[in-house]
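For reference, the structure is listed below as structure tokens.
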Amino acid sequence: MDFLTIFSMQLLNKEKMPFSFLKYLQPTHYFQLFRKNGTSIFPITGELPKEFLEQLEEERNFKSTKAIEYDLSWQALQKGYIGNTATYTSFQRLPLVDEYTFLRKYFHPGWVFYVLLLRILSFKNPFNELTAWYNSSDVNRSSYQREPIRYNNWTTFKATLVDKNPLISIVVPTLNRYPYLKDVLNDLEKQNYKNFEVIIVDQSTPFREDFYKNFNLNIKLVYQTERALWQARNHAIKISKGTYILLFDDDSRVKSDWITNHLRCLDFFKADISSGVSISVVGAEVPLNYSFFRISDQIDTGNVLLKKRVFREIGLFDRQFEKQRMGDGEYGLRAYLNGYINVSNPFADRIHLKVGSGGLREMGSWDGFRPKKWFGPRPVPSVLYQFRKYYGTKASILSIMKFLPPSIVPYHLKKSRTGLILGFVLSILILPLILFQVVKSWQLASKKLKEGALIEKLY
């Protein structure tokens, strides 16, 4: 889908989410956009099956019945509803107090106050805003993710797709990580699903061809002299023989039923994409929002199974993201816009070791909002390229305002309250430098937009 098509769609659908205030806190979220066929991802509440509707909680603090309806729809999606129910194609504007009620129910009070400030600073009527904000103050915050929708028949489900035994092409780009790649290949040897090929695109220096002779696997080895991640994945997909493509990282560990659980997920939900989850510490729990099945709002190219026809129909990865960030994010968004079902699969988990050397760390930035140099662009230009291409200028600016301050502090503090406060304070103190970085990134993103997408078709 090109930029003009997306832009015209958004003009026709001004209210793009059930609650419009989400544009301040999730300005560049997949679900802010309607799909190519004009539908949203949010199920029409009145058409939800009874067994799912019973697992939702009706919020009586809303002033309008339409807000109650939209809240149940949003809640269903967030709690893991995956079905064939028709979805909304437009949303009505809600009373101001209902917008604040929704935010208070699902977001930290600090973010609610952040939205209030943005509204006042953007010249909204301060009396109306403060009144609505105050009148919603008795709303209790929900712990909805602790009670996700249950799919009790998952454990006994017999997947005919597994029995059909389709060929899977596992794609592993690698760069200077032979000690970790050894564990990756050992784990693949132990898979209880056996019909797969492993396509390795090795960009290491020195290249060790003999390394691969020690494994009992169907390995298709490619040596690539240019260090380019998306080129590597695109090339591997082009030479693959499988009906399914399983994208994997060279610093990961998986259990023996990893492939099987990806296939079972596709079959169980009749989905096109199974997005596995990642944890970075052995023995750690899967994060709460990834601990149950739900429609995924991302693709992690270190752990995702896709039908190969997805690549045939919407193209390969956009090489505008080469040596930068968000190439997988853009592909997930492109798949969403074209109507593919992408399920977040907690049973296809991996340990992502996030090794401090090799891989993307030797090609470019590993964090979209953290430049390697003080006078480098912030965010990485490919991030603004994606935001501006799909969401427009206003949403891109809102995204910078939200995500830039946490990028000022050390990575381990970015999600803490202390880190957020410190990030906002430091952003003000070094504002001239921040503006320089953002303007530089904006200019480089403009060049990418002018050049256009570098998406090769798969035949």
Is it the case that the side chain of [X] and the backbone of [Y] share a donor-acceptor pair, with hydrogens and angles ignored and the cut-off at 3.5 Å?
| X | Y | value |
| --- | --- | --- |
| N37 | T39 | yes |
| S399 | A395 | no |
| K79 | E147 | yes |
| R334 | I314 | yes |
| N176 | S204 | no |
| Y391 | H29 | yes |
| Q298 | G332 | no |
| E322 | W230 | yes |
| K124 | L121 | no |
| N345 | G276 | no |

Between [atom1] of [X] and [atom2] of [Y], what distance do you get to the nearest 0.5 Å?
| X | Y | atom1 | atom2 | answer |
| --- | --- | --- | --- | --- |
| F269 | I82 | CZ | CD1 | 4.0 Å |
| I299 | N342 | CD1 | CG | 5.0 Å |
| K308 | S169 | NZ | OG | 6.0 Å |
| D251 | L175 | CG | CG | 11.0 Å |
| L246 | S240 | CG | OG | 11.5 Å |
| H262 | L306 | NE2 | CG | 9.5 Å |

With a 3.5 Å cut-off and no angle check, do the side chains of [X] and [Y] form a donor-acceptor pair?
| X | Y | value |
| --- | --- | --- |
| S252 | N303 | no |
| Y81 | Q75 | no |
| E451 | Q320 | yes |
| Y70 | D98 | no |

Taking [atom1] in [X] as the centre, count heavy atoms belonging to other residues, nucleotides or ligands within less than 6.0 Å. Is the count above 12?
| X | atom1 | result |
| --- | --- | --- |
| N84 | CG | no |
| Y223 | OH | yes |
| K447 | NZ | no |

- Can you list the steps and then say if L130 with L116 is a side-chain contact (heavy atoms from CB on, under 4.5 Å)? CA-CA 8 Å; L130 287 167; L116 173 66; 4.0 Å; yes

With ring centroids as reference points, do [X] and [Y] lie under 6.0 angstrom apart?
| X | Y | result |
| --- | --- | --- |
| F317 | Y331 | yes |
| W74 | Y144 | yes |
| F107 | F21 | no |

- Scan residues 60-76 for pairs that pass salt bridge (Lys or Arg N to Asp or Glu O under 4.0 Å), counting only residues two or more places apart or in two chains.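 Checked against salt bridge (Lys or Arg N to Asp or Glu O under 4.0 Å) - neighbours excluded - the pairs reaching residues 60-76 are E58-R60, K66-E69, D71-K105.
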
So, do [X] and [Y] sit near enough that their side-chain heavy atoms are less than 4.5 Å apart?
| X | Y | answer |
| --- | --- | --- |
| R294 | P148 | no |
| Y24 | K402 | no |
| P27 | F387 | no |
| V184 | T174 | no |
| L56 | T45 | no |
| R119 | E99 | no |
| H235 | I199 | no |
| P173 | Q203 | yes |

Nearest heavy atoms of [X] and [Y], plus distance in Å:
| X | Y | result |
| --- | --- | --- |
| R227 | K323 | O-NZ, 2.6 Å |
| F34 | S40 | CD2-N, 3.5 Å |
| L316 | I455 | O-CG2, 3.4 Å |
| I44 | T85 | O-CG2, 3.8 Å |
| Y336 | L33 | OH-O, 2.8 Å |
| V304 | T301 | CG1-CA, 4.0 Å |

Relative to the ring of [Y], is the ring of [X] parallel (under 30°), tilted (30 to 60°) or perpendicular (over 60°)?
| X | Y | result |
| --- | --- | --- |
| W258 | F248 | tilted |
| F424 | Y114 | tilted |
| Y151 | F293 | perpendicular |

- With sequence neighbours excluded, tell me which residues meet side-chain hydrogen bond (donor to acceptor under 3.5 Å, both in side chains) with R378.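 Expected list: S407, Q437.
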
- Among R319, K238, R312, which residue meets the salt bridge (charged side-chain N to carboxylate O under 4.0 Å, His left out) test with E456?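 So the option named by the test is K238.
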
- Task: Please test E330 against Y385 for side-chain hydrogen bond (donor to acceptor under 3.5 Å, both in side chains), starting from the C-alpha separation and ending with a verdict.
- Result: CA-CA 10 Å; E330 189 277 338; Y385 163 72; over 6 Å; no

- Task: Evaluate the side-chain contact (heavy atoms from CB on, under 4.5 Å) criterion for residues I149 and F292: first the C-alpha distance (whole Å), next the side-chain angles of each, then the deciding distance (0.1 Å), finally the verdict.
- Result: CA-CA 8 Å; I149 287 173; F292 53 89; over 6 Å; no

- Criterion side-chain contact (heavy atoms from CB on, under 4.5 Å) on W133 and F113, from CA distance to verdict: CA-CA 9 Å; W133 176 75; F113 187 69; 4.2 Å; yes

- Sequence neighbours left out, what passes salt bridge (charged side-chain N to carboxylate O under 4.0 Å, His left out) with R150? Give chain and number order.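 In terms of salt bridge (charged side-chain N to carboxylate O under 4.0 Å, His left out), with neighbours along the sequence ignored, R150 is linked to no residue.
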
- In sequence, state the C-alpha distance, the side-chain angles, and the governing distance for D297 and I41, and then conclude on side-chain contact (heavy atoms from CB on, under 4.5 Å). CA-CA 11 Å; D297 51 9; I41 194 66; over 6 Å; no

